[in-house]
Amino acid sequence: MAYWLMKTEPTTFGIDDLRRRGREPWDGVRNYQARNMIRDQMQVGDGVLFYHSNCPVPAIVGLATIVSAAYPDPTAFDPTDPHYDPGSVPERPRWYVVDVAYDRHLPRPLPLTELRGCPELDGLTLLRRGNRLSVMPVQPEHWDFLIGRASHPVPPCIETDTKA
DNA sequence: GCCAACGTTGGC
DNA sequence: GCCAACGTTGGC
């Protein structure tokens with residue numbers, strides 16, 4: 001049982017789209033590091049933090065669950081698909097997907113700016129400078145902390161606390 | 001729209 | 001196998 005964070009642009013496919021559809025293949029990933037995590041490490045039942053990027057308030061907005069083992073990404077085989085890759089053939093697939101199911105929205109979104117102020121999240125890949133992976137691992141302690149924090153309607157202000 | 005960071009490509 | 005050029009990501 002592991003935890004992950006997945007990035008998505010809400011204008012393309014956001015948490016509300018996932019809720020509407022219930023379940024969705026996480027396709028179009030074209031990065032080898034991300035591919036390796038999808039293909040080699042993700043397991044049914046793993047937890048997913050759903051993150052909105054490239055939008056007015058980048059934030060972790062909800063939870064999802066991995067509901068399939070990895071299988072070849074069908075969009076890589078489709079010449080009409082924007083993610084088509086002629087180098088990936090069914091006999092020797094290059095790219096993989098897992099299916100992801102909607103779990104729930106967080107009680108409140110956790111904006112990136114807020115997360116940067118939390119020393120408890122030291123080491124979280126999302127907060128590392130220049131990180132561009134669309135899929136990344138999350139440590140269980142970070143998962144627990146994030147879920148706990150999202151249940152506080154008014155976040156404790158780290159900077160004020162330390163100054164006070 | 002700017003720009004830093006990173007991955008990929010391709011010449012050598 | 002090195003590395004400069006280029007493209008993409010994504011916060012701001």
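Every chain is numbered from 1, with letters handed out A, B, ... down the list of sequences.
- Comparing dG7(B), dG11(C), dT8(B) by their closest approach to the side chain of Gln33(A) singles out dG7(B).
- Using cut-offs of 30° and 60° on the angle between ring planes, the pair Tyr32(A) and Trp95(A) is tilted.
- For the pair Tyr51(A) and dT9(C), the criterion of a side-chain N or O lying under 4.0 Å from OP1 or OP2 is not met.
- Regarding contacts with the backbone of dG10(C), a side-chain N or O of Lys7(A) is found under 4.0 angstrom from either OP1 or OP2.
- The environment of Arg21(A) atom CZ is sparse: at most 12 non-hydrogen atoms of other residues, nucleotides or ligands sit within 6.0 angstrom.
- Side chain of Glu9(A), nearest nucleotide from dG10(C), dA5(B), dC12(C): dG10(C).
- Across dA5(B), dT8(B), dG11(C), the shortest atom-to-atom separation from the side chain of Pro58(A) is found for dG11(C).
- dT8(C) atom C1' lies 11 Å from atom CG of Asn31(A), rounded to whole Å.
- Distance from the side chain of Ser53(A) is smallest for dG11(C) among the nucleotides dA5(B), dG11(C), dC12(C).
- Applying the 4.0 Å criterion to OP1 and OP2 of dG10(C), one finds that Arg128(A) has every side-chain N and O outside that range.
- A donor atom on one side chain and an acceptor atom on the other are found under 3.5 Å apart for Thr75(A) and Arg30(A).
- For CG of Asp40(A), the number of neighbouring non-hydrogen atoms (other residues, nucleotides, ligands) closer than 6.0 Å is greater than 12.
- Which of dG11(C), dG7(B), dA4(B) sits closest to the side chain of Arg129(A) comes down to dA4(B).
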